[in-house]
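Data first, discussion second: the structure below is written as structure tokens.
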Amino acid sequence: MARFEIDKVRVRNRLAVRREPYWGAPIARGLFVGFRRLEDGGTWIARQRDDDGKQRYQSIGHADSIPYDDAVKAAHAWAKKVDAGVDTSEVQTVKEACESYVKDRRREVGDANADDAEGRFLRTVYGHSIAKVKLAKLRTEQIKEWRADLDMADASKNRTLSALKAALNFAVASRYVEAGRAIEWERVTPYEVNTRRDLYLNRKQRSALVEKLPEGARAFVRGLCLLPLRPGALAAATVADLDAGRASLRITTDKAGQGRVVALSPEAKKLLQGQAKDKLPAAPLIAYDDGSPWHKERWKQPIKKAAKAAKLPAGVCAYTLRHSVITDMLVGGMDSLTVARMAGTSLAMIEKHYGHLLHEHAAKAMAGLAL
């Protein structure tokens, strides 16, 4: 095979455009750097031949921005990874690592976990600059900056960080990146958060919030103020899910507790009946302005702005309303098992997050037994 002095610019400039790279002399045993001539310059290609004669190739970058000596260094670094068993041919970027992880989760543990991870990556990773970062160059500060850019509560940031770490660790286990790189994301520790729900809005505050909302958002947020539901569960409810005769709403799509039936108060029944009027059974029960379902990006900012206008505590979000309704149900005397079933959560979670309320309620009840 002919060898070319591709380290010299004048030689590269005289080469004819072609798909097959022009190969220089070997830079190590079985390792070569080649130059693929293009119409607008050219690119560096590394090639390695193992003891069995198998050839591997790796694109290094455009010759206009990478000098020959740097291309040689990059080829040596790539060869070192290949010798260590690291395969960068399929997965090289953070986005590709996330996609590969989702594919594996869907194959191994089912759609539920895969869909949750995929949803997080779609919302937080794929549209961010971190998505294009090479795994081999990912740094702790880049991950911290990505996390700081997330517009969500610290607890949600922790869950999203865990999903990203899982994808990156999968990339290590799959030998897409060297194991030593894991130190970069291991240094990013979760935020300390208070897992007990402390931010509560009373009925007057909830009314003030609704009043400050745009007209088109009031029905949906009023529904959250009247029902112990996750926002996504209410957004997914259709007209067919409403049973006005029995004053109940069937929940078919939720993070947990799918297939349950929630009893409606007279006010909640009136609200939902009004929203269902003249709609087809499959239509969203409480629709967005254009008739389509609500989603997080549609309710997040209106609630945030309305809370500020109503001078409510910082941090108010859609989940604050769910917490407030659950709190009223428990303090009002409803047994915790019924609350857990309606809210689509476990009794253990109710006791963990609201046990202090149950204790206070029990203490007041016991005080009434004094002789």
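Both backbone and side-chain heavy atoms feed into the values below; hydrogens, waters and symmetry mates do not. Everything numeric here is computed off the predicted structure, so don't read it as measured data.
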Taking the side chain as every heavy atom from C-beta outward, state whether Leu227 and Val325 have any pair of such atoms under 4.5 Å apart.
no
Scan the side chains in residues 273-282 for donor-acceptor partners under 3.5 Å anywhere in the protein, sequence neighbours excluded, and list what turns up.
unit_1 : atom_1 : unit_2 : atom_2 : d
Lys279 : NZ     : Gln275 : O      : 2.9
Lys279 : NZ     : Pro284 : O      : 3.3
Lys279 : NZ     : Leu285 : O      : 3.1

So, Arg218 side chain and Glu211 main chain: donor-acceptor pair closer than 3.5 Å or not?
yes
Any side-chain heavy-atom pair of Asp104 and Ser100 under 4.5 Å:
no
Leu15 CG to Arg37 CZ distance, which is reported to the nearest 0.5 Å:
7.0 Å
Using every non-hydrogen atom in the two residues, find where Ala287 and Trp294 come nearest and quote the distance to one decimal.
O-NE1, 3.2 Å
Give, for atom CD of Glu96 and atom NZ of Lys134, the distance between the pair rounded to the nearest 0.5 Å.
7.0 Å
CD of Glu99 to NZ of Lys103, rounded to nearest 0.5 Å, is 8.5 Å
Quick check for you: to the nearest 0.5 Å, what is the distance between Trp44 atom CH2 and Tyr68 atom OH?
7.0 Å
Does Ser162 use its side chain to pair, donor to acceptor, with the backbone of Asn158 at less than 3.5 Å?
yes
On a heavy-atom basis, the closest approach of Pro231 and Leu224 is CA-CD2, 3.8 Å
For a side-chain contact (heavy atoms from CB on, under 4.5 Å) check, start with the C-alpha distance between Thr320 and Leu312, then their side-chain angles and the critical distance, and finish with the verdict.
CA-CA 11 Å; Thr320 305; Leu312 298 177; over 6 Å; no
State, without any angle test, whether Arg159 and Ser156 hold a side-chain donor-acceptor pair at a distance under 3.5 Å.
yes
The criterion is side chain to side chain donor-acceptor pair (under 3.5 Å); which residues satisfy it with Asp151, sequence neighbours excluded?
Gln301
May I ask whether Trp146 and Leu122 are part of the same hydrophobic cluster, defined by side-chain heavy atoms of I, L, V, M, F, W, Y residues being less than 4.5 angstrom apart, directly or through others?
yes
Using a 4.5 Å cut-off on heavy atoms from C-beta on, say whether the side chain of Trp78 contacts that of Arg56.
yes
Listing, residues 25-36 side-chain donor-acceptor contacts under 3.5 Å, not counting sequence neighbours, or none:
unit_1 : atom_1 : unit_2 : atom_2 : d
Arg29  : NH1    : Asp51  : OD1    : 3.2
Arg36  : NE     : Arg19  : O      : 2.8

Using the side-chain contact (heavy atoms from CB on, under 4.5 Å) rule, take Leu242 and Leu264 through it: C-alpha gap first, then chi angles, then the decisive distance, then the call.
CA-CA 10 Å; Leu242 175 64; Leu264 302 176; 3.7 Å; yes
Taking the side chain as everything from C-beta on, heavy atoms only, tell me whether Arg203 gets closer than 4.5 Å to Asp328.
yes
Which heavy-atom pair separates Asp241 from Ala236 by the least distance, and what is that distance?
OD2-O, 4.3 Å
Answer whether the closest heavy-atom distance between the side chains of Arg222 and Glu267 falls below 4.5 Å.
yes
Minimum side-chain heavy-atom gap His62-Asp40 below 4.5 Å
yes
Checking Thr345 against Arg322: is there a side-chain donor and acceptor pair closer than 3.5 Å?
no
So does Lys157 have more than 12 non-hydrogen atoms from other groups sitting under 6.0 Å from NZ?
yes
Might you confirm whether atom NZ of Lys73 has over 12 heavy atoms from other residues, nucleotides or ligands at distances under 6.0 Å?
no
Pairwise distance CZ(Arg260) to OG1(Thr252) - rounded to 0.5 angstrom:
10.0 Å
Between Arg139 and Val133, does a side-chain contact (heavy atoms from CB on, under 4.5 Å) hold up when you go through it step by step?
CA-CA 9 Å; Arg139 299 288 185 269; Val133 176; over 6 Å; no
Counting neighbours of CZ on Arg246 that are heavy atoms of other residues, nucleotides or ligands and sit closer than 6.0 Å, is the number greater than 12?
no
Glu351 side-chain N/O to Ala348 backbone N/O, donor-acceptor pair under 3.5 Å:
no
Distance col, row Leu321:CG vs Leu199:CG, nearest 0.5 angstrom, shows 9.5 Å
Any side-chain heavy-atom pair from Leu347 and Val339 closer than 4.5 angstrom?
no
Side-chain heavy atoms of Val125 within contact of Thr160, under 4.5 Å:
no
Report the C-alpha separation of Ile6 and Val11 in whole Å, then their side-chain angles, then the decisive distance to 0.1 Å, and conclude whether the side-chain contact (heavy atoms from CB on, under 4.5 Å) test is met.
CA-CA 6 Å; Ile6 57 174; Val11 172; 5.5 Å; no
Between Phe170 and Tyr176, how do the two ring planes meet: parallel, tilted or perpendicular, split at 30° and 60°?
perpendicular
Asn169-Trp185 side chain donor-acceptor pair, cut-off 3.5 Å:
yes
In this structure, would Leu229 and Met334 fall into the same cluster of hydrophobic residues linked by side-chain contacts under 4.5 Å?
yes
Nearest heavy-atom approach of Leu213 to Ala306 is CD2-CB, 3.6 Å
Could you tell me how the ring of Tyr22 sits relative to the ring of Phe4: parallel (under 30°), tilted (30 to 60°) or perpendicular (over 60°)?
perpendicular
Parallel, tilted or perpendicular, judged at 30° and 60°: which one describes the rings of Trp23 and Tyr57?
tilted
Quick check on Lys165: does its NZ atom have over 12 non-hydrogen neighbours (other residues, nucleotides or ligands) under 6.0 Å away?
yes
Give a yes/no verdict on a cation-pi contact between Arg147 and Tyr191, requiring under 6.0 Å between NZ or CZ and the six-membered ring centre and an angle within 45° of the axis.
yes
Please give me the minimum heavy-atom distance between Cys98 and Tyr126, naming the atom from each residue.
CB-OH, 3.7 Å
Tell me if a side-chain donor or acceptor on Arg230 pairs with a main-chain N or O of Gly344 at a distance below 3.5 Å.
yes
Measure across Pro21 and Ile45 and return the closest heavy-atom pair with its distance rounded to 0.1 Å.
CG-CG1, 4.2 Å
